[in-house]
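Here the structure comes first, spelled out in structure tokens, and everything after it is commentary.
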Amino acid sequence: MSEKKIRVRFAPSPTGPLHMGGVRTALFNYLFAKQHGGDFLLRIEDTDQTRYVPGAEEYIIESLKWCGLIPDEGPGFGGQYGPYRQSERKEIYARYAQQLVDSGWAYYSFDSPEDLDRLRSEAEAAGQVFSYSQHTRMNLCNSLALNETDVKNRLESGEPFAIRFKMPEQLDVTEEDLIRGSVTFNTRELDDKVLFKSDGMPTYHLANVVDDHLMEITHVIRGEEWLPSMPLHILLYRALGWEESRPRFSHLPLILKPQGKGKLSKRDGDKLGFPVFPLQWQDPETAEISKGYREEGYFPEAFINLLALLGWNSGTEQEIFSLEELVRLFSLDRVVKSGSRFDPEKARWFNRTYLQEKSPEVLARQFEPILKEKNIVTSSLKVTPIIEEIKDRCDFVKDIWDHGYYFFEAPKSYDEKTVSKRWKTETAGEMEAIAHLFESVDKWEASSIKDSFSAFMNEKGWNFGGVMNPLRLCLVGGNMGPDLFRICELLGQSETVDRIRKAVKVLG
RNA sequence: GGUCCGUUCAUCUAAGGGUUAGGAUUCAAGAUUUUCAUUCUUGCCAUAGGGGUUCGAAUCCCCUACGGACUGCCA
């Protein structure tokens with residue numbers, strides 16, 4: 001086993017946008033594969049035709065690409081083990097389902113979905129739970145309970161059937177989960193799962209075992225929600241005679257909602273205002289739009305980093321990791337067992353940390369689309385020093401606008417609270433005097449503006465705070481912003497003077 | 001209901017029998033910034049409860065409580 005090439009797969013179902021928990025599963029698979037010099041495959045699990053959602057597969061692939069998790073094999077990525085869409089592997093599964101029936105590990109079930117629904121609701125009404133299992137199978141309509149000729153007739157007459165796994169009685173199934181350690185189930189408590197549906201498609205259970213075997217998957221790394229079906233999968237490998245080469249299992253903890261109970265869902269994002277999906281998604285039926293990390297302005301590196309730390313840590317105090325570092329340091333036995341509550345605040349902090357590490361030039365380039373959207377024409381030469389001045393107050397590229405819009409357009413209004421606090425009766429006259437002073441400044445740089453200003457203030461004997469605060473109000477429309485003289489410099493001499501005069505006119 | 005998994009500050013987590021239980025986020029206070037934000041410093045805050053085992057338990061065992069997943073011809 002040690003000489004076998006490591007191969008893992010990410011196997012989402014194209015039923016909608018990829019949840020961030022799904023992205024984390026993909027990430028952990030990717031990290032594990034790359035660390036061992038192995039392969040990371042993408043397999044589309046589209047065995048449920050009724051849940052097909054147009055665009056979902058494209059969405060999944062685009063998401064992985066945005067995150068930098070490029071599959072070695074998969075639909076559109078090539079590979080020697082294809083096809084990588086289960087709907088295109090249909091014939092393969094029927095053969096193995098038949099093999100299981102022939103060898104006595106599975107049986108035909110003729111019970112209609114309606115019959116089973118009825119049994120379930122009857123049981124529920126009686127305060128019980130119906131389960132198709134070793135305890136009930138002999139009372140139901142299947143090839144175990146019916147006599148041979150009856151079964152033969154039904155089959156020959158084309159009556160629809162499903163194939164169910166014949167769960168052994170009283171058998172302990174123990175597996176060493178790479179994250180959780182030893183986990184034991186007794187088959188007595190397990191039901192007879194459908195392996196092959198009456199529509200000719202396999203269920204997840206059969207398809208994933210067959211494909212993982214055929215694709216030579218060595219490690220199955222998936223969400224905790226699959227833990228209860230692990231014994232079934234193990235028994236399927238046994239039943240198909242593949243036990244020797246079967247993959248090892250690891251079950252990742254869930255990502256829980258920020259507050260309240262349960263796992264993170266789409267609704268939490270809507271309610272608390274953060275994305276749950278990597279990319280924006282528009283539901284093709286309802287046209288409803290769900291936010292994406294990309295569109296919200298997260299850097300893919302930051303998104304990956306925060307996902308990696310949700311359930312894994314390096315054992316050191318380091319929190320910022322590049323994908324390359326994660327590949328090097330990742331290890332399944334440092335994955336925590338308990339579910340992690342998602343913290344949108346910390347997610348924002350991760351993005352902030354990445355933003356602060358970027359140069360003003362790079363940020364200026366990323367800021368361009370926002371300026372364009374606002375119909376502002378300027379040059380990167382002007383934008384770069386502005387960003388330098390305000391980047392440390394930003395978490396996202398779009399914050400550059402929120403914290404620095406006044407560099408690009410004159411204030412349209414003046415913050416009321418600041419006006420009432422700072423704008424006195426004598427202010428208009430003082431502002432006019434400053435405007436006049438500024439017109440005469442020779443070298444329009446922060447330091448010389450400051451010198452002229454200070455000299456003038458001392459000469460007049462005016463109070464600095466009493467003048468600087470309203471001056472700031474004239475230039476930016478409020479009481480925020482970086483050093484006032486830097487603002488003057490970046491605004492330019494004539495714009496600065498114009499803004500002061502305009503404010504005097506408006507505020508009197 | 002049943003099966004399985006889990007439980008360290010509000011949140012993410014470290015400590016794999018011996019530490020004043022560490023870090024990060026959030027929050028609060030102070031400093032700096034003649035503004036705002038940043039930054040810096042400081043502070044608050046945790047081993048779910050009960051029994052064992054042991055010289056010694058967050059760590060090992062048992063019970064209880066709580067939380068979660070699963071229990072579909074969905075994945």
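Owing to the predicted nature of the structure, the values given are computational and were not obtained by experimental measurement. Numbers restart at 1 for each chain; the letters A, B, ... are given by sequence-line order, proteins then strands.
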task: Mind checking Asp117(A) for me? I need base, sugar-phosphate or nothing, with any heavy atom below 4.0 Å counting as a touch.
output: nothing
message: Mind checking if Gly262(A) touches a base, just sugar-phosphate, or nothing, with heavy atoms under 4.0 Å?
response: sugar-phosphate
message: Using a heavy-atom cut-off of 4.0 Å across all strands, would you classify Arg334(A) as base, sugar-phosphate, or nothing?
response: sugar-phosphate
message: Counting the atoms with a prime plus P, OP1 and OP2 as sugar-phosphate, which does Lys391(A) contact under 4.0 Å by heavy atoms, base, sugar-phosphate, or nothing?
response: nothing
query: With both distances kept under 3.5 Å, what pairs with C36(B), Watson-Crick or G-U wobble?
result: none
message: Counting only side-chain heavy atoms from C-beta out, which of U3(B), A75(B), C5(B) sits nearest to Glu189(A)?
response: U3(B)
Complement of C9(B), any strand, by Watson-Crick or G-U distances under 3.5 angstrom: none
message: Looking at Arg472(A) and U35(B), is any side-chain donor or acceptor paired with a base atom of the opposite kind under 3.5 Å?
response: yes
Touch class at under 4.0 angstrom, heavy-atom based, for Thr47(A) against every strand present: sugar-phosphate
task: Using a 4.0 Å heavy-atom cut-off across all strands, classify Val336(A) as base, sugar-phosphate, or nothing.
output: sugar-phosphate
- request: Check if the side chain of Ser198(A) and the base of C73(B) share a donor-acceptor pair of N or O atoms closer than 3.5 Å.
  value: yes
Strand partner of U54(B), provided both Watson-Crick or wobble distances fall under 3.5 Å: none
field: C74(B) OP1/OP2 closer than 4.0 Å to side-chain N/O of Thr15(A)
entry: no
query: When you measure from the side chain of Lys193(A), which nucleotide among A69(B), A37(B), U71(B) comes out closest?
result: U71(B)
query: Could you state the CD-C1' distance from Glu345(A) to U25(B), rounded to the nearest angstrom?
result: 8 Å
message: Taking the minimum atom-to-atom distance to the side chain of Asp392(A), which one of C70(B), C5(B), A37(B) wins?
response: A37(B)
- request: Could you point out which residue of Tyr298(A), Phe367(A), Phe299(A), Trp401(A) forms a ring pair (Phe, Tyr, Trp, His ring centres under 6.0 Å) with Phe396(A)?
  value: Tyr298(A)
query: Cation over ring, Arg137(A) on Tyr132(A), under 6.0 Å and within 45°?
result: no
message: Please pick, from U25(B), A69(B), C73(B), the nucleotide with the shortest atom-to-atom distance to any side-chain atom of Leu254(A).
response: A69(B)
- prompt: At under 4.0 Å between heavy atoms, what does Arg51(A) touch on the DNA or RNA strands: base, sugar-phosphate, or nothing?
  reply: base
message: Using a heavy-atom cut-off of 4.0 Å across all strands, would you classify Val129(A) as base, sugar-phosphate, or nothing?
response: base
query: Across all strands, who's sitting opposite A48(B) as a Watson-Crick or G-U wobble pair, both distances under 3.5 Å?
result: U64(B)
- request: Using the ring of Phe28(A) (Phe, Tyr or Trp, six-membered ring only), decide whether Arg24(A) places NZ or CZ under 6.0 Å from its centre and within 45 degrees of its axis.
  value: yes
message: Can you tell whether the side chains of Asp192(A) and Lys166(A) come within less than 4.0 Å, N to carboxylate O?
response: no
message: Side chain of Asn313(A), heavy atoms from C-beta onward: which of U7(B), A14(B), A75(B) has the nearest atom to it?
response: A14(B)
query: Rounded to whole angstroms, how far apart are CZ on Arg120(A) and C1' on C74(B)?
result: 12 Å
message: Does Gln49(A) have more than 12 heavy atoms from other residues, nucleotides or ligands lying within 6.0 Å of its CD?
response: yes
- line: Among the nucleotides U35(B), A24(B), C73(B), whichever has the atom closest to the side chain of Trp349(A) is A24(B)
Any-strand Watson-Crick or G-U partner of A29(B), both distances under 3.5 Å: U41(B)
field: Residue Glu317(A), side-chain heavy atoms: nucleotide from C12(B), C36(B), G22(B) that is nearest
entry: G22(B)
- prompt: Out of C73(B), U35(B), A69(B), which nucleotide sits closest to the side chain of Lys197(A)?
  reply: C73(B)
- request: Give a yes or no on whether the ring-centroid distance for Phe342(A) and Phe274(A) is below 6.0 angstrom.
  value: yes
- prompt: Among C4(B), C36(B), G6(B), which is the nearest nucleotide to the side chain of Asn479(A)?
  reply: C36(B)
statement: Of the listed A69(B), C5(B), U39(B), the closest approach to the Arg352(A) side chain comes from U39(B)
